[in-house]
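Note on naming: letters A, B, ... go to the chains in the order of the sequence lines (proteins, then strands), and numbering restarts at 1 for each one.
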Amino acid sequence: MLFSKIFIPTLKEAPQEAEVTSHNLMLRAGMIRKVASGIYTWLPLGLKVLKNIENIVRDEMNASGAQEVLMPMVQPKELWLETKRWEKMGPELLRFKDRHERDFCLGPTHEEVITDLVRLNIKSYKELPINLYQIQTKFRDEIRPRYGVMRGREFLMKDSYSFGIDEKSLQDSYELMRKTYKNILEKIGLDYKIVKADSGAIGGDVSEEFHVLAENGEDTIAVSDSSEYAINTEVLLKNNESIDSLEGQPSPDGNGLIQIKKGIEVGHIFQLGKVYSENMKATVLSNQGNAETLFMGCYGIGVSRLVAAAIEQNNDDKGIIWPDAIAPFHINIISIGYEKNKLIKETSDKIYQDLSKMGYEILLDDRDLGYGSKIKDSELLGIPLNIVIGNKFVKEDLVEIKTRQGDSSLTKLDDLNEILDHYKNY
RNA sequence: CGGGGUAUAGCGCAGUCUGGUAGCGCACUCGCUUUGGGAGCGAGUGGUCGUAAGUUCGAAUCUUACUACCCCGACCA
């Protein structure tokens, strides 16, 4: 894409509304704009990243055997009455009436709708286990939305729900999702921890959170310094103990000492058991011909939150540093004098074509600006690799290859393929 | 909901104390010169100063009420 044509309204100065790094950078890089508190429009650059993450999530979910569906955002009161959540949930459940005075809510989650779907359409143990998921906009009227899309009211979430005939089936589904979530976070390229958690209001027995480690994380987690063990400090702390008192204590799993870290919760997996299926009478016939209540699990990933989390974990004072797998563009061709110098234009266009054919997402900065402006923007946007074509090319036949991390080298254009092979591990 | 803060051009700000009809930087438009770390000169565009009411000859400025947004807390997949 040509930089001069794509809609990326970057900001030189930090907007006063953003105090958190990822929020600040998403606004400055022209990824999002606010419509109301906790409600955002995604602009082309932000949307590309969002879609990249969404597609990784989708690929891994499909690979696990889960099937994609799309449920409505608007849900009728009647289903929520069945699980008693119409009364239990507070104002975070946004309720309204249609023109016939019938009550509805905006879906903050979809246990009711999915359980209704399954109980009406799955009748035999032979159709189980099944795992259905969607990637969809959720709405929760948070008490205090904050930090941009990190804690928005409207946000994109992948939520999936597994149904099985017995406890064993649930555990298998849970383990499969646990593995799938690890694959997703590793593929995106983030440093994370699986954290033992309080299952909270959703109910059920077993639950673990996936936290992306970052200094600005909202949650404080205790991790062992010598094992994989991690636990949410909310679970660990008893009567008025301070978080600091945990640091250096023996880890509860018996391995090493506790370290306190900050994390951003990007995923949560639950073994719900029969909580919802009992309330909603979701049963199938077993091989004995008996009606058996379904065992249910639910698994969420905050797709839009992952965008912010990735930035929180990967940035410097110049801007964003995207992991290759989710970068909006892999390579930025910084062409200095594009409109004025025919050789530079033709060479830039040629490289653009060649690299695009190789499967890279390419940005070509054709704007009538100097090197400084262009490299600053590229650094702000976090594009992993830059190819600079300017007067060094005209005079000495050299282009500069410069990574977002700061490595740079000059090379003849002939060597480009070889150089790029080095960065080809996307 | 409790506490704190902000609201003046697209963004960042000054002007408010001490009332006199709005300004700076960046961005944007046009022209010329520039082009390897956010270019220069010249000429321009853009604001009923968050909303409403009040005080006053006169309000961005004083008074009152309201709203929106941000931060801390409670809360939260």
Side-chain angles (χ1 to χ4, degrees), chain A residues 9-20 23-24 27-28 30 33-40 89-93 107-111 138-148 150-153 155-161 181 195 197-204 207-211 216 218-219 232 234 264-270 272 297-306 318-319 334-341 344 365-380 386-396 398-400 402 406 408 410:
Chain A
T10 58
L11 305 171
K12 268 190 196 176
E13 290 170 282
Q16 61 144 29
E17 73 181 53
E19 301 223 346
V20 170
H23 187 196
N24 181 323
L27 288 168
R28 287 218 289 138
R33 285 293 181 265
K34 183 175 65 190
V35 175
S37 181
I39 299 177
Y40 292 84
M89 294 200 75
E92 68 271 18
L93 184 66
T109 178
H110 282 69
E111 281 83 6
K138 296 278 187 280
F139 192 92
R140 295 181 188 176
D141 200 356
E142 296 282 348
I143 295 175
R144 184 153 86 85
R146 62 186 122 171
Y147 309 151
M150 185 105 82
R151 180 171 223 70
R153 292 191 288 174
F155 57 100
L156 192 66
M157 177 175 178
K158 188 286 302 178
D159 49 323
S160 51
Y161 306 88
Y181 276 32
V195 178
D198 187 353
S199 52
I202 283 220
S207 130
E208 289 170 300
E209 297 167 348
F210 287 72
H211 283 255
N216 276 326
E218 282 192 90
D219 295 297
N232 198 314
E234 287 168 17
I264 301 164
E265 183 191 347
V266 296
H268 204 154
I269 57 178
F270 294 90
L272 291 174
C298 79
Y299 319 93
I301 285 188
V303 177
S304 47
R305 184 181 282 182
L306 266 169
K318 294 173 178 169
I334 294 182
S335 185
I336 306 159
Y338 184 85
E339 290 297 346
K340 301 284 166 62
N341 185 308
I344 286 177
D365 196 340
D366 59 329
R367 297 174 300 169
D368 188 21
L369 296 172
Y371 174 77
S373 302
K374 293 190 178 191
I375 193 72
K376 289 281 185 195
D377 271 346
S378 189
E379 285 164 344
L380 175 61
N386 297 286
I387 299 175
V388 186
I389 301 169
N391 58 21
K392 280 206 182 79
F393 179 72
V394 176
K395 291 175 187 157
E396 304 166 62
L398 292 172
V399 298
E400 183 187 355
K402 181 168 183 142
S408 80
L410 288 167

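- Distance check: A:Asp365 CG to A:Tyr338 OH gives 11.0 Å after rounding to the nearest 0.5 Å.
- Shown here, B:A60 forms no base pair; nothing in the strands shown gives a Watson-Crick or G-U wobble contact with both key distances under 3.5 Å.
- Rounded to whole Å, atom P of B:C11 lies 9 Å from atom CZ of A:Arg33.
- For A:Asp141 and B:C1, the CG to P distance is 12 Å, given to the nearest whole Å.
- Residue A:Pro15 places its side chain closer to B:G12 than to any other of B:G12, B:U34, B:G37.
- Below the 3.5 angstrom threshold, one finds no donor paired with an acceptor across the side chain of A:Glu17 and the base of B:G12.
- No engagement by A:Glu218 is indicated, since no non-hydrogen atom pair under 4.0 Å with the nucleic acid exists.
- Across the C1' atoms, B:U35 and B:G19 are found 50 Å apart, a figure rounded to whole Å.
- The nearest whole Å value for the distance from the CD atom in A:Glu13 to the P atom in B:C28 is 14 Å.
- Exactly one residue among A:Val20, A:Asn216, A:Asn24, A:Ile264 makes a side-chain contact (heavy atoms from CB on, under 4.5 Å) with A:Tyr147. That residue is A:Val20.
- RNA chain B is contacted by both A:Glu19 and A:Tyr371; A:Tyr371 maps to the nucleotide lying nearer its 5′ end (nearest heavy atom per residue).
- Under the Watson-Crick and G-U wobble criteria, each requiring two contacts below 3.5 Å, nucleotide B:G23 is paired to B:C13.
- Across the P atoms, B:U18 and B:C13 are found 25 Å apart, a figure rounded to whole Å.
- Applying the 3.5 Å distance criterion, the base of B:U34 shares a donor-acceptor pair with the side chain of A:Lys340.
- Side-chain proximity of A:Ile375 to the nucleotides B:G37, B:C1, B:U35 is greatest for B:G37.
- To the nearest whole angstrom, the two P atoms, one in B:U33 and one in B:G38, are 22 Å apart.
- One interatomic measurement links the two molecules: CG of A:Asn216 to C1' of B:C71, which rounds to 13 Å at whole-angstrom precision.
- Residue-level contact check: A:Gly390 touches the bases, meaning some heavy atom is under 4.0 Å from a base atom.
- The separation between A:Asn24 atom CG and B:G12 atom P is 11 Å, rounded to whole Å.
- Atom CG of A:Leu398 is separated from atom NZ of A:Lys392 by 8.5 Å, given to the nearest 0.5 angstrom.
- Comparing B:G46 with B:G4, their P atoms are spaced 41 Å from each other, to the whole Å.
- Nucleotide B:C28: paired with B:G44 (Watson-Crick or G-U wobble, both distances less than 3.5 Å).
- Straight-line distance from the CZ atom of A:Arg367 to the C1' atom of B:A27: 13 Å, rounded to whole Å.
- Between the P atom of B:C1 and the CD atom of A:Glu142 lies a distance of 16 Å, rounded to the nearest Å.
- Base-pair partner of B:A68: B:U6 (Watson-Crick or G-U wobble, both distances under 3.5 Å).
- Remark: P of B:G37 and CG of A:Asp365 are 15 Å apart, rounded to the nearest angstrom.
- Here the side chain of A:Ser37 is nearest to one of B:G38, B:U35, B:C69, namely B:C69.
- Residue-level contact check: A:Glu209 touches neither bases nor backbone, having no heavy atom under 4.0 Å from any strand.
- If you check every strand for non-hydrogen atoms under 4.0 Å, A:Leu369 touches a base.
- Nucleotides of RNA chain B nearest to A:Lys34 and A:Glu379 differ in position, and the one nearer the 5' end is that of A:Glu379.
- In this structure, B:G38 makes no Watson-Crick or G-U wobble pair, since no nucleotide meets both defining distances under 3.5 angstrom.
- Among the nucleotides B:G12, B:G37, B:A27, the one closest to any side-chain atom of A:Lys12 is B:A27.
- Residue A:Asp159 is classed as having no contact, given no heavy-atom separation below 4.0 Å to the nucleic acid.
- Rounded to a whole angstrom, the distance from the C1' atom of B:C66 to that of B:U56 is 23 Å.
- If you check every strand for non-hydrogen atoms under 4.0 Å, A:Ala18 touches nothing.
- Distance check on atom P: B:A22 versus B:U55 gives 24 Å, rounded to whole Å.
- Looking only at distances, no side-chain donor or acceptor of A:Arg28 sits under 3.5 Å from a matching main-chain atom of A:Glu13.
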task: Show the numbers, then the answer: is there a side-chain contact (heavy atoms from CB on, under 4.5 Å) between A:Glu265 and A:Arg305?
output: CA-CA 9 Å; A:Glu265 183 191 347; A:Arg305 184 181 282 182; 4.0 Å; yes
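- The phosphate of B:G37 (OP1 or OP2) has no side-chain N or O of A:Ser373 nearer than 4.0 angstrom.
- Among the atoms of the strands shown, base atoms are found under 4.0 Å from some heavy atom of A:Gly302.
- At least one side-chain heavy atom of A:Asp368 sits under 4.5 Å from a side-chain heavy atom of A:Lys340.
- Side-chain atoms of A:Arg367 never come within 3.5 Å of backbone atoms of A:Ser373 as a donor-acceptor pair (strictly under, hydrogens ignored).
- Counting only distance, with no hydrogens or angles, the side chain of A:Tyr371 and the backbone of A:Val388 share no donor-acceptor pair below 3.5 Å.
- Between B:C24 and B:G15, the two C1' atoms lie 10 Å apart (nearest whole Å).
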- request: Dump the intermediate steps for side-chain contact (heavy atoms from CB on, under 4.5 Å) on A:Tyr161 and A:Thr109, then the final yes or no.
  value: CA-CA 11 Å; A:Tyr161 306 88; A:Thr109 178; 3.6 Å; yes
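- When distances are taken from the side chain of A:Gln16 to each of B:U34, B:G12, B:G37, the shortest belongs to B:G12.
- For the pair A:Tyr40 and B:C69, the criterion of a side-chain N or O lying under 4.0 Å from OP1 or OP2 is not met.
- A sub-4.0 Å separation between OP1 or OP2 of B:C72 and a side-chain N or O of A:Arg144 is present.
- Across the C1' atoms, B:U48 and B:U8 are found 12 Å apart, a figure rounded to whole Å.
- As judged by a 4.0 angstrom heavy-atom cut-off over every strand, A:Gly372 is placed among residues touching the sugar-phosphate backbone only.
- Counting non-hydrogen atoms under 4.0 angstrom, A:Tyr147 reaches the backbone sugars and phosphates but no base.
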